[in-house]
Amino acid sequence: GNSVTQMEGPVTLSEEAFLTINCTYTATGYPSLFWYVQYPGEGLQLLLKATKADDKGSNKGFEATYRKETTSFHLEKGSVQVSDSAVYFCALSVGTGANNLFFGTGTRLTVIP
Amino acid sequence: NAGVTQTPKFQVLKTGQSMTLQCAQDMNHNSMYWYRQDPGMGLRLIYYSASEGTTDKGEVPNGYNVSRLNKREFSLRLESAAPSQTSVYFCASSQVPWNEQFFGPGTRLTVL
């Protein structure tokens, strides 16, 4: 089946620390991979995506590389800010149906000054 | 553009009561979705509408009904609320089913 496993939180980091949030997936077929971010009190918004192997998605200083050999899509940022405090969701989509987006359970990140 | 809007933002119901959650999008998207978000479980798809005039069940449809009123609006109805339906509900839309989804701000529902 299709599923996403991401590291459990919560994660607490000091400002300017390096961030990694692990995400691995299983998929029937060739998925597209996404990271969504949910800021407090808001809905999810797309942070970055990658649609084929070895693609790197990037946005707002965050990066993730689609690794087919390890079925992973880890999220990284070199220097986090307090404003990055949010819940991060890894997700995959397979095929062209409307019910094809599968989310991980989310990882809460808190950045302290 | 307002994007995806949802009403209400908060609601408290008693067991057995009914209510409708409203969702509207102004991006001319074809596909719309209803998810629920529960702690430790991520987002789970309740119902979706791939295009105007069609609706289909998602992963957790029991206890819910939906109506795609027109291209802009997609409502979710709880006919007889149960405590297990306490959750945060998100509406989303996308241009086509397999593209990026845009989410509303959510409705926090508590069923006592």
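Hydrogens, waters and symmetry mates are skipped; everything else that's a heavy atom, side chains included, is used.
- Within residues 62-84 of chain A, no residue has any heavy atom closer than 4.5 Å to a heavy atom of chain B.
- Under the side chain to side chain donor-acceptor pair (under 3.5 Å) criterion, no residue pair touches residues 103-112 of chain B, with sequence neighbours excluded.
- Below 4.5 Å, heavy atoms of chain B meet heavy atoms from Gly104(A), Thr105(A), all part of residues 104-113 of chain A.
- The part of Gln37(B) that comes within reach of chain A is its side chain, from C-beta onward, which places non-hydrogen atoms under 4.5 angstrom from that chain.
- When hydrophobic clusters are built by joining Ile, Leu, Val, Met, Phe, Trp and Tyr residues whose side-chain heavy atoms come closer than 4.5 Å, directly or via intermediates, Leu33(A) is grouped together with Met7(A).
- Residues Gln101(B) and Phe34(A) form no side-chain contact, since every pair of their non-hydrogen atoms from C-beta on lies 4.5 Å or further apart.
- To the nearest 0.5 angstrom, Leu101(A) atom CG is 12.5 Å from Tyr48(B) atom OH.
- The hydrophobic clustering, which links ILVMFWY residues whose side-chain heavy atoms are closer than 4.5 Å, places Phe90(B) and Phe89(A) together.
- For the atom pair OH (Tyr36(A)) and CZ (Phe103(B)), the distance works out to 5.5 Å, reported to the nearest 0.5 Å.
- At a threshold of 4.5 Å between side-chain heavy atoms, the hydrophobic network of Ile, Leu, Val, Met, Phe, Trp and Tyr places Tyr89(B) and Val87(A) in two separate groups.
- Using a 4.5 Å cut-off between side-chain heavy atoms of Ile, Leu, Val, Met, Phe, Trp and Tyr, with links allowed through other members, Tyr47(B) and Met19(B) fall into the same hydrophobic cluster.
- Residues Leu45(B) and Met32(B) fall into different hydrophobic clusters, defined by Ile, Leu, Val, Met, Phe, Trp and Tyr side chains chained together at heavy-atom separations under 4.5 Å.
- Residues of residues 37-61 of chain A lying within less than 4.5 angstrom of chain B, judged on heavy atoms, are Gln38(A), Gly41(A), Glu42(A), Gly43(A), Leu44(A), Leu46(A) in numerical order.
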